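Remember, predicted model here, so these are calculated numbers, not experimental data.
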Amino acid sequence: MPELPEVETVRRGLEPAMAGVRIKAAEVRRADLRFPFPDRFASRLEGRTVTGLSRRAKYLLADLDDGAVLVMHLGMSGAFRVETEDEVRMPGAFHHARSKAAAHDHVVLHLSGGATVTYNDPRRFGFMTLIPRAELEDHRFFRDLGVEPVGNRLDAAYLAEALEGRFMPLKAALLDQKIIAGLGNIYVCEALNRARLSPRREAGTIVTARGRASVRAERLVTAVRDVIAEAIEAGGSSLRDYTRADGSLGYFQHRFRVYDREGEPCPTQGCRGIVSRIVQSGRSTFFCPVCQR
DNA sequence: CGCATCCCCTGCCTGC
DNA sequence: TGCAGGCAGGGGATGC
């Protein structure tokens, strides 16, 4: 279910359970998710201490005390479930199922202190792998990633330079992880509505003839930053739900302006448009044809 | 190189 | 009630 704000919410949910904690045992219940697990994956995790949990774009990164990084991606349907000792209360019996294993529980980490962290992913578009810390930046997953949407490096000048001369639809440009890393279908739709820019506009047209950032670029950057920051805030407020056994993240607690709102009134102040749905590169786009130009 | 299309997989919703 | 079809938040591979 995750775009960047959800991944950040997951990170915040996992951090108290995992940071500084040793992995006593790892159960890996199938040979692959999206990709095969690396050789000896489970045994390479066992005995390691997690020294920190961070995030880059939609990747979760658990630093291990042997210099490797456990890289985790949730794909479309990945979720973690944390069960603490209190909830399980089966001391000395971590190899027994404590809460029932749910369908699609693929990886279970048994942590020192008694908690378990379970990765569940019905569609299996997610993956986990191990990469040496020193090689992370040059790894194919990371080397081409663009800037974080909430961070100092995203500004109108950056966006103008990235989009200058590009003819692809603005929506496609925003989904391009090489430009801004971590935006997904929902928040791109949301940001474009806030910025009152059409998803169909040629990306290069938010740049002035001299290659400078335009007012449109400024509006877009502000919208991207705001929508992501607010969503992280909203996700953070649902952290309590996260640790519950059902693993729900409160994702739909977040009210979207246009996403999945075909036929509803555009929320832009003073706009009388109706949200419409189109398909761009095979995926749904929701936008207001009246105020988004 | 830039861009579009297809595909991996399961689950859920809709309509017949 | 069953079943087929469409759709889903990601992103990599392929091909023009």
Side-chain angles (χ1 to χ4, degrees), chain A residues 1-11 29-37 55-60 71-80 102-107 119-129 139-146 149 161-193 199-205 207 224 227-228 231-232 234-235 238 242 246-263 277-286:
Chain A
M1 332 183 109
E3 290 190 34
L4 185 151
E6 290 68 43
V7 177
E8 177 59 23
T9 300
V10 169
R11 190 196 69 75
R29 296 183 173 159
R30 47 177 301 128
D32 56 62
L33 293 173
R34 173 169 191 161
F35 306 118
F37 288 106
R55 177 192 58 72
R56 173 74 171 104
K58 297 170 196 163
Y59 295 86
L60 279 169
V71 174
M72 299 170 279
H73 196 291
L74 304 176
M76 296 269 261
S77 59
F80 282 98
H104 311 299
D105 281 353
H106 304 308
V107 177
Y119 179 69
N120 182 285
D121 188 355
R123 290 176 75 179
R124 305 203 304 273
F125 287 171
F127 59 87
M128 292 189 191
T129 193
H139 191 276
R140 63 188 177 96
F141 291 156
F142 298 98
R143 87 187 143 216
D144 295 323
L145 284 181
E161 187 184 343
L163 300 187
E164 184 176 9
R166 306 290 289 266
F167 292 95
M168 72 203 309
L170 189 50
K171 185 200 182 193
L174 292 177
L175 283 174
D176 184 347
Q177 304 295 299
K178 294 193 278 299
I179 300 173
I180 302 176
L183 294 185
N185 201 38
I186 292 179
Y187 292 112
V188 165
C189 293
E190 294 295 295
L192 286 168
N193 178 259
R200 296 191 276 214
R201 169 187 280 276
E202 277 181 15
T205 63
V207 181
V224 166
V227 78
I228 296 298
I232 290 173
S238 67
Y242 173 70
D246 67 7
S248 68
L249 284 176
Y251 188 81
F252 285 107
Q253 288 173 17
H254 197 73
R255 290 288 285 176
F256 299 121
R257 291 168 58 102
V258 290
Y259 187 82
D260 206 20
R261 292 186 175 279
E262 183 180 19
R277 174 185 177 274
I278 59 173
V279 174
Q280 292 179 290
S281 29
R283 311 185 64 177
S284 288
T285 298
F286 297 89

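- The closest side-chain donor-acceptor pair between A:Asn193 and A:Arg257 falls under 3.5 angstrom.
- Counting any heavy atom pair closer than 4.0 Å across all strands shown, A:Pro169 reaches sugar-phosphate atoms only and no base atom.
- Between A:Asp144 atom CG and C:dA13 atom P there is a gap of 12 Å when expressed in whole angstrom units.
- Shown are A:Val227, A:Leu4, A:Asp176, A:Ile228; of these, the side-chain contact (heavy atoms from CB on, under 4.5 Å) with A:Leu183 is made only by A:Ile228.
- Distance from the side chain of A:Pro122 is smallest for B:dT10 among the nucleotides B:dT10, B:dT5, C:dA8.
- B:dC3 atom P lies 16 Å from atom CD of A:Gln177, rounded to whole Å.
- Between the NZ atom of A:Lys178 and the C1' atom of B:dC1 there is a distance of 11 Å, given to the nearest Å.
- Contact annotation for A:Tyr59: backbone-only contact, meaning every heavy-atom pair under 4.0 Å involves sugar-phosphate atoms and none involves a base.
- Per the geometry, CG belonging to A:Asp105 stands 15 Å off C1' belonging to B:dT10, to the nearest Å.
- Nucleic acid contact for A:Gly282: none, since no nucleic acid atom lies under 4.0 Å from a heavy atom of the residue.
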Practice prompt. Could you summarise the pairing of DNA chain B as dot-bracket text, marking Watson-Crick and G-U pairs under 3.5 Å with ( ) or [ ] inside the strand and | across strands?
Written response: .|||||||.|||||||
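- The distance between atom CG of A:Leu33 and atom P of C:dG11, rounded to the nearest whole Å, is 15 Å.
- Atom CZ in A:Phe142 sits about 11 Å away from atom P in C:dG11, given to the nearest Å.
- In this structure, A:His73 does not reach the C:dG10 phosphate: none of its side-chain N or O atoms is under 4.0 Å from OP1 or OP2.
- Listed nucleotides B:dA4, C:dG11, C:dA13 differ in distance to A:Arg34; the shortest reach to its side chain belongs to C:dG11.
- Computed from coordinates, the A:Leu74 CG to B:dT10 P distance equals 18 Å when rounded to whole Å.
- Distance noted for atom P between B:dC9 and C:dT14: 16 Å (whole Å).
- Residue whose closest nucleotide on DNA chain C sits further toward the 5' end, between A:Ser284 and A:Phe35: A:Ser284.
- With hydrogens and angles ignored, a donor-acceptor pair closer than 3.5 Å exists between the side chain of A:Arg123 and the base of C:dA8.
- Between C:dG10, C:dA13, B:dT5, one nucleotide has an atom nearer to the side chain of A:Phe125 than all others, and that is C:dG10.
- With respect to A:Asp121 and A:Arg123, no salt bridge is recorded, no charged nitrogen being found less than 4.0 Å from a carboxylate O.
- The CG atom of A:Leu74 sits 12.0 Å away from atom CD of A:Glu3, with the distance rounded to the nearest 0.5 Å.
- The number of heavy atoms from other shown groups lying within 6.0 Å of CD (A:Gln280) is above 12.
- Summarising the geometry, the separation between CG on A:Asp260 and C1' on C:dG6 is reported as 14 Å, rounded to the nearest angstrom.
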Item to complete: Report the C-alpha distance between A:Lys171 and A:Arg201 in whole Å, list the side-chain angles of each, state the deciding distance to 0.1 Å, and finish with yes or no for side-chain contact (heavy atoms from CB on, under 4.5 Å).
Response: CA-CA 8 Å; A:Lys171 185 200 182 193; A:Arg201 169 187 280 276; over 6 Å; no
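- Comparing A:Phe167 and A:Ala103 by the nucleotide of DNA chain B whose heavy atom lies nearest to each, the residue mapping closer to the 5' end is A:Phe167.
- Among the heavy atoms of the strands lying under 4.0 Å from A:Arg166 are primed sugar atoms or P, OP1, OP2 only; no base atom is included.
- Residue A:His104 has a polar side-chain atom (N or O) positioned under 4.0 Å from OP1 or OP2 of B:dG11.
- Between C:dG6 and B:dC6, the distance separating the two P atoms is 14 Å to the nearest Å.
- The aromatic rings of A:Phe141 and A:Phe35 lie parallel to each other, with less than 30° between the two planes, well short of the 60° mark.
- With C:dG11, B:dT10, B:dC3 as the candidates, the nucleotide lying closest to the side chain of A:Arg124 is B:dT10.
- Ring geometry for A:His73 against A:Phe127 counts as parallel: the plane angle stays under 30°, on a 0 to 90° scale with 60° as the upper cut.
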